[in-house]
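Quick note on labels: first sequence line is chain A, next is B, and so on, each numbered from 1. Below, each value reflects all heavy atoms present in this structure, side chains not excepted, and no hydrogens, waters or symmetry copies.
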There are 4 protein chains.
Amino acid sequence: MKEHRSGPVRSAAAREAILEATARQFHREGYDRLTIEGIAKEAGVGKQTIYRWWPSRGALIADCLAEGRLFPLSFDVPHTADIVADVEVWLDTVLAILNAPQGNELLRSLVAAAAEDAAVGDHLGASLGVDRSLTQRVQAGVNAGELPADTPTEQLGQVLIGTIVLRTLGRMTDHAEPMRQLIRFLLTPRP
Amino acid sequence: MKEHRSGPVRSAAAREAILEATARQFHREGYDRLTIEGIAKEAGVGKQTIYRWWPSRGALIADCLAEGRLFPLSFDVPHTADIVADVEVWLDTVLAILNAPQGNELLRSLVAAAAEDAAVGDHLGASLGVDRSLTQRVQAGVNAGELPADTPTEQLGQVLIGTIVLRTLGRMTDHAEPMRQLIRFLLTPRP
Amino acid sequence: MKEHRSGPVRSAAAREAILEATARQFHREGYDRLTIEGIAKEAGVGKQTIYRWWPSRGALIADCLAEGRLFPLSFDVPHTADIVADVEVWLDTVLAILNAPQGNELLRSLVAAAAEDAAVGDHLGASLGVDRSLTQRVQAGVNAGELPADTPTEQLGQVLIGTIVLRTLGRMTDHAEPMRQLIRFLLTPRP
Amino acid sequence: MKEHRSGPVRSAAAREAILEATARQFHREGYDRLTIEGIAKEAGVGKQTIYRWWPSRGALIADCLAEGRLFPLSFDVPHTADIVADVEVWLDTVLAILNAPQGNELLRSLVAAAAEDAAVGDHLGASLGVDRSLTQRVQAGVNAGELPADTPTEQLGQVLIGTIVLRTLGRMTDHAEPMRQLIRFLLTPRP
DNA sequence: TCTTAACCGAGACGGTACGTCGCGTCTTCTG
DNA sequence: CAGAAGACGCGACGTACCGTCTCGGTTAAGA
């Protein structure tokens with residue numbers, strides 16, 4: 001255990017404390033009640049230390065998002081013979097977030113952050129496993145002839161997340177059945 | 001039997017001035033820079049007159065939205081033999097908003113408002129003509145056998161708007177081609 | 001030529017309710033928390049009815065003062081052979097007000113009202129019985145040779161009230177002994 | 001051991017600007033039109049900086065009073081063989097304030113402030129030189145046998161200021177002659 | 001008897017100021 | 001010498017009252 005005298009030794013600890021406090025407050029209060037002063041106080045950190053490293057509230061959220069501090073879940077998509085079932089597994093993971101207490105509020109907060117800050121917007125879809133897992137699974141389905149060749153693979157993830165986002169903005173709940181119906185419609189080859 | 005109250009009555013002129021100023025500032029500044037004080041000043045109105053009738057910024061936006069003060073466009077969907085073409089007409093109208101100056105910012109602002117306020121969320125889809133026009137056209141297509149019977153008509157509007165919203169949050173542009181591709185995929189009967 | 005007017009005449013009930021509510025709120029809240037709106041509500045009266053008949057808060061207090069609604073006491077000065085004792089009776093009455101709960105606050109409120117409004121200032125001394133009783137008793141003392149001829153009778157009342165006012169503004173209490181000492185000094189013929 | 005706190009220290013420039021602006025507005029507008037916002041604007045300071053250090057309008061006035069920012073005069077009492085003349089010198093200084101333009105309004109404002117705020121009340125008499133000069137002179141007179149031993153030295157200052165205050169509240173003017181008469185009555189040994 | 005004008009209650013209106021919160025910057029002291 | 005602590009100028013918040021101005025309803029003179 002080395003104890004250094006000078007240099008930004010404390011920085012890592014401060015960074016950790018700040019992001020942790022950010023995630024905690026974001027869950028507790030939502031995005032629009034998230035304040036830099038509140039984070040600084042809760043993290044035991046000077047405000048300047050935050051401003052030195054992050055340009056805005058949104059950037060804090062973006063970092064939390066990128067490091068998986070907001071959704072403590074894995075969004076892996078399995079790869080069986082049944083693509084519809086596979087995607088529904090992913091859907092269940094996403095809906096688990098919304099069905100948790102404050103789940104809808106959490107997603108709405110995230111959308112608010114994304115609307116305000118480009119960096120959050122960039123990671124929104126990605127953080128829910130769209131690029132890394134969902135799109136790959138769909139692409140594999142196309143390659144395997146499971147889905148038609150003209151399937152817009154890129155868009156499908158956007159379609160699913162987008163639909164859920166819009167339903168959440170409209171304060172709808174019980175997304176499970178409509179979303180399953182939609183997935184089946186999108187992924188079932190019709191004669 | 002009417003419930004009657006004596007005393008002065010709500011000023012129509014003030015209501016008009018407030019909503020007009022709200023719409024103007026919303027376009028000019030975006031949602032997060034929209035302030036009650038700014039609206040009051042621009043409308044030549046006391047702050048209290050706003051607070052007396054609207055509980056929040058969001059409610060003002062919701063009213064503007066409901067009265068078509070934010071999008072001075074009609075979102076009617078034509079009804080020809082070609083449903084894909086018909087829906088693409090609607091798409092062009094929506095994209096016209098996004099391609100206008102500040103168009104993307106406008107939509108993002110609207111999303112921010114919807115995330116914060118339920119009333120705005122309620123009207124978001126509706127105000128873009130989804131319920132009134134788009135869903136009806138799709139339903140007619142199903143009824144006419146133009147589309148398969150299992151088409152999730154209700155969801156299609158959400159899918160299209162949701163996808164556009166998500167793309168906008170991700171700061172994508174050039175929605176035209178991907179969206180056309182998606183529409184064709186959704187509405188073209190596959191063998 | 002008579003100036004004629006039709007319509008109902010000033011409502012005595014409203015006037016009564018307003019002054020009563022004013023006196024009640026003045027005792028309860030003090031002058032600076034006294035509001036026209038509060039009086040109107042408590043009196044069950046429209047604000048306009050107050051503004052129609054009184055130009056200011058101060059005028060309301062002045063009327064209350066003039067009608068003895070603030071101090072429900074009589075400030076009569078007895079007339080025995082001992083002028084010092086007589087004046088001390090008056091002093092006790094005045095001090096009774098200050099020793100009542102909120103008594104000091106009450107006098108300070110009255111001073112605040114007097115500072116703001118000329119009509120209150122006019123009646124301040126008078127309402128405490130100075131002109132009507134105290135000065136008369138002192139003048140009688142001079143006439144009877146009880147006091148020296150050069151006694152400034154007019155000022156003596158001002159001196160006593162003024163001293164009490166100043167002590168109250170300075171948040172002093174226990175005025176009794178110092179005031180008695182002062183009275184004795186002023187009214188005892190010295191060799 | 002001193003109690004030390006890290007962080008920035010109170011800005012002397014801000015304090016100075018605030019008190020200066022307070023005194024200026026107090027003279028210009030009087031106490032009841034004195035507003036925190038007005039002071040902040042005139043001092044080029046944030047409102048919070050005022051609220052951080054002073055609990056109320058009254059506290060600002062009290063500080064101005066204590067630092068001699070309201071009366072730019074000296075209230076020294078000379079010490080000659082003629083105590084009446086000496087006190088009249090002091091009286092002239094006080095009356096000079098009242099005879100200046102807005103002088104009566106100034107004193108009334110001060111009284112209003114004193115009625116509202118204890119700190120102002122504490123300094124009211126003191127600031128007019130009563131404790132520091134007048135009472136000392138009177139006490140010296142008693143010690144020298146110039147005045148009777150039973151003279152209530154403490155009260156005499158209150159009597160003079162109190163009388164002037166009361167006359168001012170009653171919107172009287174021309175205090176000079178009555179006050180001189182009173183002083184002579186109080187300080188002239190009678191046979 | 002029937003206007004009709006002033007009264008009344010209620011309270012909406014354009015304003016001003018309140019006292020608080022949070023912003024992003026800047027300064028000081030301490031470990 | 002980096003960082004916690006926090007003061008600063010600023011701007012907006014939502015509230016309380018101000019004094020004025022409608023409203024609809026009621027009441028008493030005078031036509």
**Request:** State, yes or no, whether a side-chain contact exists between D:F26 and D:L65 at a heavy-atom distance under 4.5 Å.
**Result:** no

**Complete:** When B:S11 and B:G7 are each assigned the nearest nucleotide of DNA chain E, the 5'-most assignment goes to B:G7

**Item:** Under 3.5 Å side-chain donor-acceptor pair for A:E116 and A:Y31
**Value:** yes

**Request:** Would you kindly say whether A:S56 and A:D117 are connected by a side-chain donor-acceptor distance under 3.5 Å?
**Result:** yes

**Prompt:** When you measure from every atom of DNA chain F, which of residues 33-44 of chain C have a heavy atom less than 4.0 Å away?
**Reply:** C:T35, C:I36, C:E37

**Complete:** Sorted by number, residues from residues 46-63 of chain B placing a heavy atom under 4.0 Å from DNA chain F are B:K47, B:Q48, B:Y51

**Message:** Does C:R33 have more than 12 heavy atoms from other residues, nucleotides or ligands lying within 6.0 Å of its CZ?
**Reply:** no

**Request:** Check whether more than 12 heavy atoms from other residues, nucleotides or ligands sit under 6.0 Å from atom CZ of B:R52, and answer yes or no.
**Result:** yes

**Asked** Rounded to the Å, how far apart are B:I18 CD1 and E:dA12 P?
**Response** 13 Å

**Fill in**
Taken to the nearest whole Å, CD/C:E16 to C1'/E:dC8 is 17 Å

**Message:** Tell me if a side-chain donor or acceptor on D:T22 pairs with a main-chain N or O of D:I18 at a distance below 3.5 Å.
**Reply:** yes

**Asked** Got a donor-acceptor contact below 3.5 angstrom from the C:E42 side chain to the C:Q25 backbone?
**Response** no

**Item:** Charged N-O contact under 4.0 Å between C:E16 and C:R69
**Value:** yes

